Protein chains: 2
Amino acid sequence: MEYSADECAREVLEVVPVVMRGIRTELRSHRGGDISVPQFRTLFYVSRHEGPSLSQVAEHVGLTMPSMSRIVDGLVARRLATRETHQGDRRRMTLALTTHGHAKLRSARQTTEAYLSQLFRTLPSAKRDTVVEAMRVLRTIFAETGSR
Amino acid sequence: MEYSADECAREVLEVVPVVMRGIRTELRSHRGGDISVPQFRTLFYVSRHEGPSLSQVAEHVGLTMPSMSRIVDGLVARRLATRETHQGDRRRMTLALTTHGHAKLRSARQTTEAYLSQLFRTLPSAKRDTVVEAMRVLRTIFAETGSR
DNA sequence: TATTGTTATACTCTATAACTATA
DNA sequence: TATAGTTATAGAGTATAACAATA
């Protein structure tokens, strides 16, 4: 079809916010305590890295340090994460998930993926392939955009 | 490739928030006064419909009426939109953009689309096609999700 | 001095519940 | 009674600027 970069930009700008709203609504209506998108992303990152620092998480999630500091406040208050001073460099924090945090992340993922999955289930598989491939393209393009 | 609906859901859940953050950051760093994503979407909807009511906009943007009422408060305060009582049904509001509102929408779109476009420019055109087609699939699937 | 993180401050977004005005 | 919208209330997300502690 040979779509231009401009056409591509227009479509992404119109559609991505709509999809995002679906995701946010689903996460927030999670039974047994909701969770915000930034909280979810933070839990996700921390679960996959070994005791990351605050700035590391902020960098990868794409937020400023004060914003991330607030988000971690909330996670710690809800007993989903722990925040300890790093051994060796007392300026740094070492973040980790509690058992409860791991469980919350798992159930939030499951519920939200189930919601999305149900929307995709009736699609012809060629269209699902298109969506997956597009996500991989976007992931690559935006990979190094998270820097502040 | 035959990806499953679950695989599709996983990819969307991981990638869409990242793209969304890029869009938000670009909109908010707009020279000459920033604008939030919900404000942008509201301006966009109002610009394309004839004097819509508050509930109409709320429905299509995917927010509750109180939330939309606040957002319109902000737009009116910034002289980007007008809000008048509907002639014939005095319960309803009639929304419209000011000249300034049209200009702001136009420049915000231009700037943000230029930012995205520049990211897409170096892609092989087959990948751009994939992205555009995926957006159209997602648009269809999520079209009727905006209901509260 | 440079780095890491928090606090202060100020907005916006968002929802639910309660209310007002109109139909 | 039902509909359209606002207000009250509460909490989260977000940024910039200023600060504290450590290296």
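It should be emphasised that the depicted structure is a prediction, and the values quoted were computed from it without experimental measurement. Residue numbers start from 1 in every chain, and the chains themselves are labelled A, B, ... in the order their sequence lines are given, proteins ahead of strands.
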- Task: Indicate if Phe142(A) and Val132(B) have the same hydrophobic cluster label, given that clusters are the connected sets of ILVMFWY residues with side-chain heavy-atom separations under 4.5 angstrom.
- Result: no
- Separation of Leu27(A) atom CG from dA15(C) atom P, in whole Å? 14 Å
- Message: Output the rounded distance in Å from CZ (Arg41(B)) to P (dC13(C)).
- Response: 12 Å
- Query: How far apart are the C-alpha atoms of Arg128(B) and Glu7(A), what are their side-chain angles, what is the distance that settles it, and do they pass the salt bridge (charged side-chain N to carboxylate O under 4.0 Å, His left out) test?
  - Reply: CA-CA 9 Å; Arg128(B) 283 205 298 264; Glu7(A) 178 72 15; over 6 Å; no
- Query: Between Ser69(B) and dT6(D), does any side-chain N or O lie under 4.0 Å from OP1 or OP2?
  - Reply: yes
- Item | Protein-nucleotide distance (Arg70(A), atom CZ; dA15(D), atom P), rounded to Å | 12 Å
- Return no unless some side-chain N or O of Ser55(B) is found under 4.0 Å from OP1 or OP2 of dG5(D). yes
- Which is true for Met93(B) with a 4.0 Å heavy-atom rule: it touches a base, it touches only sugar-phosphate, or it touches nothing? sugar-phosphate
- When you measure from the side chain of Arg92(B), which nucleotide among dA4(D), dT4(C), dG13(D) comes out closest? dA4(D)
- Task: Could you state the atom-to-atom distance from CD of Glu84(B) to C1' of dG5(D) in whole Å?
- Result: 16 Å
- Message: Distance check needed: dA23(C) C1' versus His86(B) NE2, whole Å only.
- Response: 13 Å
- Message: For Glu84(B) and Thr94(B), which I'm curious about, is there any donor-acceptor pair between the side chains at under 3.5 Å?
- Response: no
Identify all pairs in which a protein N or O lies below 3.5 Å from an N or O of nucleotides 16-23 of chain D, and state each distance.
| residue | atom | partner | partner atom | Å |
| --- | --- | --- | --- | --- |
| dT22(D) | OP1 | Arg90(A) | NH2 | 3.2 |
| dA23(D) | OP1 | Arg90(A) | N | 2.9 |

- Message: Applying a 4.0 Å non-hydrogen cut-off, can you work out what Arg83(B) is touching in the nucleic acid: base, sugar-phosphate, or nothing?
- Response: sugar-phosphate
- Where the side chain of Ser53(A) is concerned, which of dG5(D), dG5(C), dT14(C) is the nearest nucleotide? dG5(C)
- Task: Give the rounded distance in Å between these two atoms: CZ of Arg28(A) and P of dA10(D).
- Result: 17 Å
- Query: Closest nucleotide of DNA chain C for Gln56(A) versus for Arg24(A): which of these residues is on the 5' side?
  - Reply: Gln56(A)
- Query: To the nearest 0.5 Å, what is the distance between CG (Leu105(B)) and CG (Leu80(B))?
  - Reply: 9.5 Å
